[in-house]
Amino acid sequence: MAISDKHRKMIIEEIHFIVSKMDENQEPERKLYFFSGVHSIIQRILNFEYDADLIGLHLVLQGTYGAFSA
């Protein structure tokens with residue numbers, strides 16, 4: 001990804017937080033709620049910086065979230 005180190009660090013920290021919250025919860029609905037945070041951080045970064053890899057990741061996460069929530 002050709003994004004700034006600041007935004008890369010934000011993504012990594014958010015994913016670590018989300019994974020820890022998903023590990024703490026056993027309810028599928030809660031896990032899905034936290035999983036949606038990954039999609040959200042990618043969307044927030046895309047509001048500031050364009051990157052083709054982020055677009056691809058956004059689409060995959062959006063589809064995955066949709067499939068899990070269905």
Check residues 22-33 and write down every donor-acceptor pair under 3.5 Å in which the side-chain atom is one partner and the other belongs to a residue at least two apart or another chain.
residue: Asn25; atom: ND2; partner: Lys21; partner atom: O; Å: 2.8
residue: Lys31; atom: NZ; partner: Met22; partner atom: O; Å: 2.7
residue: Lys31; atom: NZ; partner: Asn25; partner atom: O; Å: 3.0

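- Here CZ of Phe35 is found 6.0 Å from CZ of Phe68. Values are rounded to the nearest 0.5 Å.
- Under the 30°/60° scheme for interplanar angles, the aromatic rings of Phe34 and Phe17 are found to stand perpendicular.
- With rounding to the nearest 0.5 Å, the separation of CD1 in Ile45 from NZ in Lys6 is 8.0 Å.
- Remark: of the listed residues Ile12, Ile11, Ile18, Ile18 is the sole one forming a side chain to side chain contact (heavy atoms under 4.5 Å, CB included) with Glu14.
- Linking Ile, Leu, Val, Met, Phe, Trp and Tyr whenever their side-chain heavy atoms come within less than 4.5 Å leaves Val60 and Leu46 in two separate clusters.
- Among residues two or more places apart in sequence or in another chain, the side-chain hydrogen bond (donor to acceptor under 3.5 Å, both in side chains) test is passed with Ser4 by His7, Glu49.
- Remark: Gln62 engages His39, His58, Leu59 in a side-chain contact (heavy atoms from CB on, under 4.5 Å) (not counting sequence neighbours).
- Listed by chain and number, the residues in a side-chain hydrogen bond (donor to acceptor under 3.5 Å, both in side chains) with Arg44 amount to none (sequence neighbours excluded).
- Residues that satisfy the side-chain contact (heavy atoms from CB on, under 4.5 Å) test with Asp51, not counting sequence neighbours, are Met1, Ala2, Ile3, Asp53, Leu54.
- At a threshold of 4.5 Å between non-hydrogen side-chain atoms, the residues His16 and Val19 do not count as touching.
- Partners of Lys9 by salt bridge (Lys or Arg N to Asp or Glu O under 4.0 Å), not counting sequence neighbours, listed by chain and number: Glu13.
- Cluster membership for Leu57 and Phe48, using ILVMFWY side-chain heavy atoms within less than 4.5 angstrom, is not shared.
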